[in-house]
*Asks:* 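Okay, here's the structure, questions in a sec.
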Amino acid sequence: MPEGASNFSGTVDWVFHFINYINYFFFFLVVGLMVYFVWKYRQKGREVYARGPSHHTALELGWTILPTIIVVVIFFMGFRGFVDMKTVPADAYQIDVTAQQWSWQFKYPNGATSADLYIPAGKPVKLVMRSNDVIHSLYIPDFRVKQDVVPGRYTTMWFQADHATGEDDFHLLFCTEFCGKDHSRMNQKVFVLGEVQFDDWVTKQGRWLDELAKNNPDDPTILWKVGGPKLVGRCLSCHSLDGKSGTGPSWGDYDGTGNIWERLDKDKVHKVDGGKPVQDLIGPGRKYETREAYLRASILAPGEVIVDGYGNVMPTFKGQLRDPEVDVLIDMMKNLKDEDGKPNFDSKGKYIGK
Amino acid sequence: MTTLDARSPIAAEAPDNYLTFRRGLLSWLLTLDHKRIGVMYLVAVLASFFVGGVMALLVRTKLLFPGEVTWMTAEQYNQAFTLHGAIMVFLVIIPSIPAALGNFVLPIMLGAKDVAFPRLNLFSFYLWLAGAACAVYSLLAGGFDTGWTFYTPYSTNTTLGGVIPVLVGVFILGFSSIFTGVNFIVTIHKLRPPGMTWFRMPLFLWALYATAVIQVLATPVLGITVALLVIERVFNIGIFDPSMGGDPVLFQHFFWFYSHPAVYIMILPGMGIISEIISVHSHRHIFGFRFIAFSSIAIAIFSFLVWGHHMFTSGQSPLMNVLFSAITFSVAIPSAVKVFNWLATLYKGSISLNTPMLYGLSFLFLFTIGGLTGIPLAVLSTDIHLHDTYFVVAHFHYVMMGSALIAMIGGLHHWWPKMFGVMYSEFWGRIACGLVFVGFNMTFFTQFMLGSQGMPRRYYSYDQIEGMAEAFKMYHHISTGGSYIMALGFVITGIYLLHSLFAGKKAPANPWGGASLEWQCTSPPPHDNFSKTPRVGDCYDFSAVRWDEKQEGYVVDTEAHTASTKNGKGH
């Protein structure tokens, strides 16, 4: 066994070694007796008929019952360890895993993604895994954990690594379910970082947007043109861009009242909280200073004001979207149409403007 | 005077044997004689074993190098290990003992003239050939790289053209296996001569009977499964592929519902052979006949209830994992019972270390390791770590190759004088057995280390990340070295066995001193096996067996043999 590095490695190794010692005992017993008998009772000359007992019921019952007892004990040891592996602590830090031929993607709560797995030390980590194509299996030998990643369903696993490796050292992560040509190249590193170090890393990793802005200082529209489509994916499962009604209000035109940005400007169209025009809430000195402030609140605190005709179902995206990302989404809402009134984005959020 | 002719009237009335009974190619191809069909199976199975072995050596040789090699791409490697697995399972181990040795020995041991349905028997053989032909065609059609397990949705979507032909081949091979099973069940029920009660039946026949039951009950499920897979691939009907609305884990359930019992189709007949070899070469009554016999039946029954232990990490519900883990241990008990009984058979025996016995003892050694290493795989928490690593590879090679196949080779040596009427070189037999034993352990014991270190199976390369190659390379080198030693052992075996056919010393009717019926007809047996219905004694009662200097073989005093059994010296 490689050196253990998770909360499970201790018990798994203990059971493994316990079984091994039992196995050594029985192996040496069987082979030892075999060698002894073969030597002691070797054929001498052409003497052929040997009179040994043909059966001994008590002895035979004994060696039926004894192994039964041993395996029952061993079963329970493995069972207890397994139940622990399947009982995810409620406060586990969730990382979403997507496997596909032949790479892994790890996605953190702030939207940051990485190809290698980074986890905080001393904190239970839960992986929620899905596959885009065939069956894969995520295996971290040092942690003694493994779980198949099956297309068409989510599988989960959890573990806790107590010792930070830093960014210079790492554990190995393998794919262990045969998945085609480059199956043996679906290996990644697992970095365990101290809690502070991990927070730094995950924030920095989530800062792709800043890089985008830094690299294109002369083009302010690049953010919503490139960044918008990247971010909007998760919105689109409830909000459409073409006016169709969904779980939440469409961002696009509906009933000729204009898109979400325009609606906020038109008098008494967008009604909230049981017939109140939203405009009454927006303006200097009112609940929301500007339209942007209202939209921002709708993303980060969706329950504050509920649009008529819809339920209070939207989860908050606080902590999942950073401020610059919220700004990009609001910019996107402002720019759903170009100057000629043509849509800038298709229904899947792809930029189709000039 | 104890001469064979005087004691055994059967032999005296058989001037020619089954090999010389009729001559010409057609007399073989259209034969209904179970012995000739068994020999044809043997040739076919050994040829497949050669091809599967070459694939294994290719795989092992590639693994000498952690990274990519120019002479074998990842695709070729994946096809090589897939072919190795598929050939060894479907074309070699499953038919090897029942269809090749079983066909030859079963009716003679039983005291019958043939199996119950000789035509069906020949048909099974031709089905096997058709299945093998499909497998060969699949290579021409583009090969397949799914692993022998054909897991969906990979097998549904892989673009290689050989997948459907090989699935058709597996389907056909399944029927070959089913028909053999039906034949054996009916033969054992209906063709026992007077006096051959169930508890006088040799343990090899008990094992073949248990095997036949599994073959008949489990194999149809494999047929249905591969048929569904073909339907999914051809007509895009979603059964297993989630993108068409299917469930990939369902395939695993179907597949292992057959393939776990199939493990016992492979090992049970091997256990039967070992019961014969150990008893005969110890010249001593088998210890605990009933326990061994019933443990075969117990294994056959339990084998149907444990398939889920292949799927502890598949995403099936934790409750099912727990149940399957618990039931799996039930298989361990009858296996342990058998080992202890064989061991007790050695006690106070008169043990001759002939080649078959060396294989028998090798089996005992290797099966003990194979069986014991199954325990950490049945235990839930440790299996999570070991699943799909080289630990599993090592474990099932110890059981399937180190046990089932070694038993088959041992049985081949045990009955070779009977089958072909010649003796092979004992000297080279022992050398080869030693090489195979040492090579085998070198090859596969290192893989336990590899697996517990975390090396996943079915890996073409192991150098992607720094540290991997260093961790695994040494074990891979020893393992590959061992596989070459083992290959040398098998090559020597092939040479001296072929040599014995042409220049071997003529074999006596009973070279080892067995008391079961096959040793009472000539070597090789006459066409009809027995011209008179044989008299059945206790097949493990060796008190009437004597060494006869003139024949350089043993003779059984039939009068004394049946008499001593009647006197209540039976089981």
Side-chain angles (χ1 to χ4, degrees), chain A residues 1-2 11-12 15-16 19 23 26-27 30-31 33-34 37-38 41-43 46-50 52 54-55 60 63-64 67-68 71 74-75 78-79 81-82 85-86 134-135 137 139 141 144-148 150-153 155 172 174 176-185 187 189, chain B residues 74-75 147 151 153-154 242 248-249 282-285 287-288 291 313-315 318 322 325-326 329 332-333 336-337 339-340 343 346-352 361 364-365 368-369 372 375-376 379-382 384-385 387-388 452-454 456 458-461 464-465 513 542-543 545 547 571:
Chain A
M1 288 259 187
T11 45
V12 169
V15 176
F16 185 69
I19 297 170
N23 283 355
F26 279 103
F27 172 73
V30 168
V31 172
L33 282 176
M34 180 178 100
F37 288 160
V38 167
Y41 302 111
R42 63 191 182 279
Q43 189 180 26
R46 289 296 177 180
E47 163 213 349
V48 283
Y49 174 49
S54 75
H55 62 100
E60 289 175 78
W63 66 45
T64 309
T68 309
V71 295
I74 291 175
F75 163 75
F79 169 65
F82 180 72
M85 286 182 188
K86 287 289 154 189
V134 300
I135 301 178
S137 188
Y139 175 36
R144 315 283 188 263
V145 289
K146 181 181 291 135
Q147 176 63 52
D148 285 7
V150 184
R153 59 168 78 181
T155 53
L172 291 166
F174 298 136
T176 50
E177 185 63 64
F178 178 68
C179 58
K181 176 174 161 281
D182 281 332
H183 169 52
S184 61
R185 304 201 80 77
N187 308 324
K189 302 171 180 178
Chain B
E75 288 100 324
Y151 268 21
Y154 186 76
V249 179
S282 302
H283 304 285
R284 144 143 171 44
H285 199 290
F287 186 89
F291 267 74
T313 68
S314 70
V322 169
S325 169
F329 286 107
I333 308 302
V337 167
V339 170
F340 292 134
L343 207 53
L346 296 174
Y347 174 67
K348 288 196 173 172
S350 172
I351 298 165
S352 54
L361 297 173
L364 214 51
F365 183 99
T368 303
I369 296 180
L372 290 174
I375 297 176
V379 169
L380 284 166
S381 65
T382 47
I384 299 293
H385 175 65
H387 181 79
D388 266 340
S452 57
Q453 292 293 324
R458 295 176 171 177
Y459 262 31
Y460 165 71
S461 59
Q464 193 187 1
I465 295 179
F542 298 97
S543 59
V545 180
W547 174 256
H571 304 290

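So that the names make sense, note that chain A is the first sequence line, chain B the second, and so on, each numbered from 1.
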*Asks:* Do you know which two heavy atoms are closest between B/R458 and A/H183, and how far apart they sit?
*Replies:*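 Smallest interatomic distance, heavy atoms only, reads O-CD2, 3.0 Å.
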
*Asks:* Enter the distance from B/S282:OG to A/R42:CZ here, rounded to the nearest 0.5 Å.
*Replies:*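 Result: 14.0 Å between the selected atoms.
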
*Asks:* Under 4.5 Å between any side-chain heavy atoms of A/M85 and B/S381, yes or no?
*Replies:*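 Contact flag for A/M85/B/S381 side chains = yes.
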
*Asks:* Could you look at B/I465 and say if it's the side chain, the backbone, both or neither that has a heavy atom under 4.5 Å from chain A?
*Replies:*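 Side chain only.
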
*Asks:* Could you look at A/L172 and say if it's the side chain, the backbone, both or neither that has a heavy atom under 4.5 Å from chain B?
*Replies:*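 Looking at A/L172, just its side chain touches chain B.
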
*Asks:* When only pairs under 4.5 Å are counted, which of B/T368, B/I384, B/V379 shares the most heavy-atom pairs with chain A?
*Replies:*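 The residue among B/T368, B/I384, B/V379 with the greatest pair count is B/I384.
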
*Asks:* So what's closer than 4.5 Å to chain B heavy atoms on A/V38: side chain, backbone, both or neither?
*Replies:*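 Both the backbone and the side chain of A/V38 come within 4.5 Å of chain B.
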
*Asks:* Which heavy atom of A/P151 sits nearest to which heavy atom of B/P248, and what is that distance?
*Replies:*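 For A/P151 and B/P248, the tightest heavy-atom pair comes out as O-CG, 3.9 Å.
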
*Asks:* So which of A/V145, A/V71, A/V12 has the biggest tally of heavy-atom pairs under 4.5 Å with chain B?
*Replies:*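 The answer is A/V71.
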
*Asks:* By the definition ring-ring contact (aromatic ring centres under 6.0 Å, His included), identify the one residue from B/Y459, B/Y154, B/Y151 that meets it with A/F178.
*Replies:*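 Of all the options given, the one that passes is B/Y154.
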
*Asks:* Out of B/G513, B/P376, B/G147, B/A74, return the one with the most heavy atom pairs under 4.5 angstrom to chain A.
*Replies:*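 Looking at each option in turn, the highest pair count goes to B/P376.
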
*Asks:* Any idea which of A/F79, A/F16, A/F174 has the most non-hydrogen atom pairs under 4.5 angstrom with chain B?
*Replies:*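 The option with the most such pairs is A/F174.
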
*Asks:* Using non-hydrogen atoms and a 4.5 Å limit, figure out which bit of A/T155 sits close to chain B: side chain, backbone, both or neither.
*Replies:*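 Looking at A/T155, just its side chain touches chain B.
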
*Asks:* Please work out which of the three classes, parallel, tilted or perpendicular, describes the rings of B/Y347 and A/F37, given edges at 30° and 60°.
*Replies:*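 A/F37 vs B/Y347 ring planes: tilted.
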
*Asks:* Report the option among A/T176, A/N187, A/I19, A/V134 that has the most heavy-atom pairs separated by less than 4.5 Å from atoms of chain B.
*Replies:*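 Ranked by heavy-atom pairs under 4.5 Å with chain B, first place is A/N187.
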
*Asks:* Need one label for A/M34: side chain, backbone, both or neither, based on atoms under 4.5 Å from any heavy atom in chain B.
*Replies:*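 Contact with chain B: backbone and side chain both.
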
*Asks:* In the structure I gave you, are the side-chain heavy atoms of A/R185 and B/S461 within less than 4.5 Å of one another anywhere?
*Replies:*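 They are in contact (side-chain heavy atoms under 4.5 Å apart), so the answer is yes.
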
*Asks:* Passes side-chain contact (heavy atoms from CB on, under 4.5 Å), B/D388 versus A/E177? Steps please.
*Replies:* CA-CA 7 Å; B/D388 266 340; A/E177 185 63 64; 3.1 Å; yes

*Asks:* Going from CZ on B/F329 to OG1 on A/T68, what distance comes out if it is rounded to the nearest 0.5 angstrom?
*Replies:*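 B/F329 CZ to A/T68 OG1: 11.5 Å, rounded to 0.5 Å.
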
*Asks:* Parallel, tilted or perpendicular: which fits the ring planes of A/F26 and B/F340, with parallel below 30° and perpendicular above 60°?
*Replies:*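 Aromatic pair A/F26/B/F340 classed tilted.
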
*Asks:* Where on B/V339 is there a heavy atom nearer than 4.5 Å to chain A: the side chain, the backbone, both, or neither?
*Replies:*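 Just its side chain gets close to chain A.
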
*Asks:* Show the nearest heavy-atom pair for residues A/G78 and B/L380, with the distance to one decimal.
*Replies:*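 For A/G78 and B/L380, the tightest heavy-atom pair comes out as O-CB, 3.8 Å.
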
*Asks:* Output the distance between atom OH (A/Y41) and atom CD1 (B/I351), rounded to the nearest 0.5 Å.
*Replies:*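 The OH atom of A/Y41 sits 8.5 Å away from the CD1 atom of B/I351.
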
*Asks:* Is it the side chain or the backbone of A/V31 that comes within 4.5 Å of chain B heavy atoms, both, or neither?
*Replies:*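 For A/V31, side-chain heavy atoms alone lie under 4.5 Å from chain B.
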
*Asks:* Quick check on A/K86 against chain B: is it the side chain, the backbone, both or neither that has a heavy atom closer than 4.5 Å?
*Replies:*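 Answer is side chain: those atoms of A/K86 sit under 4.5 Å from chain B.
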
*Asks:* Name the member of B/A336, B/G315, B/A326 that forms the most heavy-atom pairs with chain A at distances under 4.5 Å.
*Replies:*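 When all of B/A336, B/G315, B/A326 are compared, B/A326 has the most.
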
*Asks:* So which atom in B/Q464 and which in A/S184 form the shortest heavy-atom distance, rounded to 0.1 Å?
*Replies:*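 Scanning both residues completely, I find the closest heavy atoms to be OE1-O, 3.9 Å.
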
*Asks:* Working to the nearest 0.5 Å, report the span between CG of B/L346 and CG of A/L33.
*Replies:*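 Here the interatomic distance stands at 9.5 Å.
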
*Asks:* Would you mind checking which part of B/I333 comes under 4.5 Å of any heavy atom in chain A, side chain (CB onward), backbone (N, CA, C, O), both or neither?
*Replies:*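 Side chain only.
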
*Asks:* Between A/F75 and B/I375, is a side-chain contact (heavy atoms from CB on, under 4.5 Å) present by the stated rule, with each step listed?
*Replies:* CA-CA 9 Å; A/F75 163 75; B/I375 297 176; over 6 Å; no

*Asks:* Below 4.5 Å, heavy-atom pairs only: which of B/T382, B/V249, B/L372 has the largest tally toward chain A?
*Replies:*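 Result: the option with the highest number of such pairs is B/L372.
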
*Asks:* Heavy-atom distances under 4.5 Å only: say whether A/I74 touches chain B with side chain, backbone, both or neither.
*Replies:*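 Both parts, backbone and side chain.
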
*Asks:* At what distance, to the nearest 0.5 angstrom, does CZ of A/F82 lie from OG of B/S325?
*Replies:*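 So the CZ of A/F82 and the OG of B/S325 are separated by 9.0 Å.
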
*Asks:* Ignoring hydrogens and geometry, is there a side-chain-to-backbone donor-acceptor pair from A/Y139 to B/H385 under 3.5 Å?
*Replies:*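 Judged by distance alone, yes, a pair lies under 3.5 Å.
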
*Asks:* Counting heavy atoms not belonging to A/K189, are there more than 12 under 6.0 Å from its NZ?
*Replies:*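 Atom NZ in A/K189 is crowded, with more than 12 foreign heavy atoms closer than 6.0 Å.
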
*Asks:* With rounding to the nearest 0.5 Å, note down the distance linking NE2 in B/H283 to CD in A/Q43.
*Replies:*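 Going from NE2 on B/H283 over to CD on A/Q43, the span is 4.0 Å.
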
